[in-house]
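Within every chain, numbering begins at 1; the chains are lettered A, B, ... in the order of the sequence lines, protein sequences first and strands thereafter.
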Amino acid sequence: MKYWLLKSEPETFSVEDLAKARNRTTSWHGVRNYQARNFLRDDVGKGDRGFFYHSSCAVPGVVGIVKIVRAGYPDSTAEDPRSEYFDPSSERSEPRWYTVDVQLERKVEPPITLDELRAHASRELKNMLVLKRGNRLSVTPVTREEWQFILSLR
DNA sequence: GCCAACGTTGGC
DNA sequence: GCCAACGTTGGC
């Protein structure tokens with residue numbers, strides 16, 4: 001089993017939205033970055049776990065634990081002209097963008113804030129990608145050690 | 001709203 | 001292939 005950190009802007013889609021979704025499950029569509037796409041397409045597997053992370057908001061941080069319930073498959077919003085994620089250069093015969101399905105296991109309450117994560121940035125979370133300056137990747141791998149350490153905070 | 005950091009685009 | 005211009009991300 002592998003571990004991931006998945007960013008979402010709560011104004012677009014929050015952990016509360018996921019809690020209300022049917023089966024507490026959603027397609028993680030809309031990722032339009034090649035490095036993140038490659039993770040979704042090639043590396044994120046069914047049964048993997050992820051941190052649901054709120055970004056671009058008042059209190060950024062880990063707000064939930066999700067389980068990957070479906071591995072990478074083509075993101076159909078890229079083909080939908082009415083979708084805000086429409087990509088006219090993507091073609092159905094050769095899908096450019098991928099998504100996975102995630103199910104909420106539990107909320108993390110209270111959230112593990114970015115500040116709290118940073119408090120460990122010189123030791124346990126020294127290599128945590130989300131704490132690196134300038135990091136903008138919306139899907140990042142998390143090591144088993146980082147995963148277990150962060151879980152131990154709640 | 002600001003701005004640093006980074007990714008993408010497109011002319012050459 | 002280079003790189004300047006531009007757009008986006010995301011913390012503050």
Please set out all donor-acceptor pairs under 3.5 angstrom arising from side-chain atoms of residues 8-15 of chain A, sequence neighbours excluded.
unit_1, atom_1, unit_2, atom_2, d
A/Ser8, OG, A/Phe13, O, 2.6
A/Ser14, OG, A/Glu16, N, 3.3
A/Ser14, OG, A/Glu16, OE1, 3.2
A/Ser14, OG, A/Asp17, N, 3.1
A/Ser14, OG, A/Asp17, OD2, 3.3

Looking only at heavy atoms, the pair that brings A/Leu137 and A/Asn135 closest together is N-OD1, 3.4 Å
Rounded to the nearest 0.5 angstrom, the CG-CZ distance for A/Asn33 and A/Phe39 is 10.0 Å
For A/Ala78 and A/Trp97 the tightest heavy-atom approach is CB-CD1, 3.8 Å
Where do N or O atoms of nucleotides 9-12 of chain C meet protein N or O atoms at under 3.5 Å, pair by pair?
unit_1, atom_1, unit_2, atom_2, d
C/dG10, OP1, A/Lys7, NZ, 2.7
C/dG10, OP1, A/Arg136, O, 2.9
C/dG11, OP1, A/Tyr53, OH, 3.0
C/dG11, OP2, A/Ser56, N, 2.9
C/dC12, OP1, A/Arg118, NH1, 2.9

Would you confirm whether A/Arg154, through its side chain, and A/Pro111, through its main-chain N or O, come within 3.5 Å as a donor-acceptor pair?
yes
Donor-acceptor list for residues 59-76 of chain A side chains, cut-off 3.5 Å, not counting sequence neighbours:
unit_1, atom_1, unit_2, atom_2, d
A/Tyr73, OH, A/Asp101, OD1, 2.5
A/Asp75, OD1, A/Thr77, N, 2.9
A/Asp75, OD1, A/Thr77, OG1, 2.6
A/Asp75, OD2, A/Gly30, N, 2.9
A/Asp75, OD2, A/Arg32, NH1, 2.9
A/Asp75, OD2, A/Arg32, NH2, 3.3
A/Asp75, OD2, A/Thr77, OG1, 3.3

Note: A/Ala19 and A/Lys107 closest approach over all heavy atoms is CB-CE, 4.0 Å
> Parallel, tilted or perpendicular: which fits the ring planes of A/His29 and A/Tyr85, with parallel below 30° and perpendicular above 60°?
Replying inline: perpendicular
The side chain to side chain donor-acceptor pair (under 3.5 Å) partners of A/Arg24 (sequence neighbours excluded) come to none
Between the protein and nucleotides 2-5 of chain C, list the N/O to N/O atom pairs that are separated by less than 3.5 angstrom.
none

Numerically ordered, the residues 26-34 of chain A set in heavy-atom contact under 4.0 Å with DNA chain B is A/Asn33, A/Tyr34
*Without swapping roles, check the side chain of A/Glu145 against the backbone of A/Glu124 for a donor-acceptor pair under 3.5 Å.*
no
